[in-house]
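Read the numbers this way: they start at 1 and go in the same order the structure lists the ligands and their atoms. For the numbers below, each heavy atom of this structure counts, side chains included, while hydrogens, waters and symmetry mates do not.
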Amino acid sequence: MPPLLSSFPALCDGFSEIFQAVAAQKGGKVADYIPQLGRVDPERYGLGLCTVDNQRFSLGDSNVDFCLQSGCKPINYALALEEHGEAKVHQYVGREPSGRSFNELTLGPDDRPHNPMINAGAILICSLIRPELDPADRFDHVMERWQALQGGHRPGFSNATYLSERQTADRNYALGYYMQERRVFPKNTALIPTLEFYFQCCSIESNCERLSVVAATLASGGLCPATGERLLSPRTVRDTLSLMSSCGMYDFSGEFAFTVGLPAKSGVSGMVLVVVPDLFGLCIWSPRVDRSGNSVRGVEFCKAMVSRYNFHLLDSRLGGSGKEDPRGLAFP
Ligand code: GLN
């Protein structure tokens with residue numbers, strides 16, 4: 001198959017220029033609610049890119065590990081969809097942006113969590129993933145799926161992050177008990193193991209290069225570009241990308257959808273996964289986050305990328321945007 005992006009080297013040059021320009025951004029603050037995040041060098045900055053035909057590019061601290069935090073949420077959602085299908089999953093969790101912060105103690109009007117990309121919904125999703133397994137096998141299952149999504153590279157796990165997450169999780173416990181009281185969980189859900197499973201997923205570690213392959217798997221409808229293996233169904237990927245588009249950037253999701261127009265998911269460790277469907281997946285990491293919990297440089301990179309390239313999902317490909325497009329225009 002010829003490279004999908006025939007002008008890939010030119011795209012890489014363009015991304016290097018944007019990356020350098022955005023490095024000047026020093027806004028935001030490293031999340032410090034746990035010491036393992038608070039100690040990260042705020043100047044860290046990396047980018048990994050993987051195209052749907054497995055061309056790779058990386059910049060800066062692209063192979064330095066960080067914890068996923070909320071970056072685990074879209075993949076857990078995808079795993080729950082693969083296991084139960086959309087109808088069953090959404091009996092328990094909504095698909096509406098909450099407009100509130102990621103850990104707000106609130107449920108939707110029908111007592112379901114608003115969506116799987118905020119904490120309440122992500123905890124609920126954890127109760128749906130292989131609930132019949134004991135906790136160790138359940139976590140192994142998730143690690144195996146991440147390994148496959150990373151083209152065969154097993155992610156890391158920070159036990160220190162996990163222990164800190166568990167120790168400082170009053171709000172997540174409160175969300176869990178609130179949902180238990182409202183009978184939101186499936187019958188027989190064991191609350192504490194479910195919360196611990198959620199903290200473990202947040203403590204999985206990886207880096208921009210590896211995570212770009214995960215994002216590229218989403219960009220290619222569930223086929224891993226590194227191995228050619230089908231890992232997720234096209235429908236699972238569509239649902240996951242839909243919710244990343246509407247809810248993936250916390251209470252900045254509407255703004256992000258308007259200005260950037262791409263499915264993305266951020267984590268408070270400063271990572272942002274970005275998907276340009278049918279083209280490539282991207283992971284940017286810079287630990288200083290804004291008030292919503294989104295990486296400042298990550299968001300700035302996305303904005304600059306979309307003002308130079310025709311990648312906003314609603315940018316017309318019929319011509320006229322005046323922006324660069326490595327695919328060429330549909331009807332030049
Ligand atoms: N571990 C964090 C929490 O549950 C993850 C949140 C995040 O990345 N926004 O509060």
Inset, instruction - Could you tell me if any non-hydrogen atom of F199 lies under 4.0 Å from any atom of ligand 1? - result: no
Inset, instruction - Below 4.0 angstrom from a heavy atom of N119, which ligand 1 atoms are there? Numbered from 1 as shown, please. - result: 3 (C), 4 (O), 10 (O)
Legend entry - Proximal atoms of ligand 1 relative to Y250 (non-hydrogen, under 4.0 Å): 7 (C), 8 (O), 9 (N)
Inset, instruction - Assess whether atom CD of Q167 is packed by more than 12 heavy atoms of other residues, nucleotides or ligands within 6.0 Å. - result: no
Legend entry - Check: V214 and I75 side chains under 4.5 Å, non-hydrogen atoms: yes
Legend entry - Validation row, ring centre F311 to ring centre F280 under 6.0 Å: yes
Legend entry - Close-contact set for ligand 1 against V268 heavy atoms, below 4.0 Å: 7 (C), 8 (O), 9 (N)
Legend entry - side-chain contact (heavy atoms from CB on, under 4.5 Å) evaluation trace for I192 with E196: CA-CA 6 Å; I192 299 301; E196 288 175 348; 3.7 Å; yes
Inset, instruction - Tell me whether the centres of the aromatic rings in F256 and H312 are closer together than 6.0 Å. - result: no
Inset, instruction - Return each pair, listed once, that meets ring pair (Phe, Tyr, Trp, His ring centres under 6.0 Å) where at least one residue sits in residues 151-175; pairs must be two or more places apart or across chains. - result: F139-F157, Y173-F199
Inset, instruction - Tell me which protein heavy atom sits closest to atom 7 (C) of ligand 1, plus the residue, atom name and distance to 0.1 Å. - result: S70 OG, 2.6 Å
Inset, instruction - Would you mind listing which atoms of ligand 1 come within a distance below 4.0 Å of any non-hydrogen atom of G267? - result: 8 (O)
Inset, instruction - Evaluate the ring planes of F57 and F8, with Trp represented by its six-membered ring, and classify them as parallel (under 30°), tilted (30 to 60°) or perpendicular (over 60°). - result: perpendicular
Inset, instruction - Run the ring-centre check on F102 versus F252 and record whether the distance is less than 6.0 Å. - result: no
Inset, instruction - Specify side chain, backbone, both or neither for E165, according to which of its non-hydrogen atoms lie closer than 4.0 Å to ligand 1. - result: side chain
Legend entry - Shortest protein heavy-atom distance from atom 4 (O) of ligand 1, along with the residue and atom involved: Y198 OH, 2.7 Å
Inset, instruction - Decide whether the shortest distance between a heavy atom of N172 and an atom of ligand 1 is less than 4.0 Å. - result: yes
Legend entry - Y33 and ligand 1 - part of the residue with a heavy-atom distance under 4.0 Å: side chain
Inset, instruction - Identify, for atom 1 (N) of ligand 1, the protein heavy atom at the shortest distance, and state residue, atom and that distance. - result: Q69 OE1, 2.6 Å
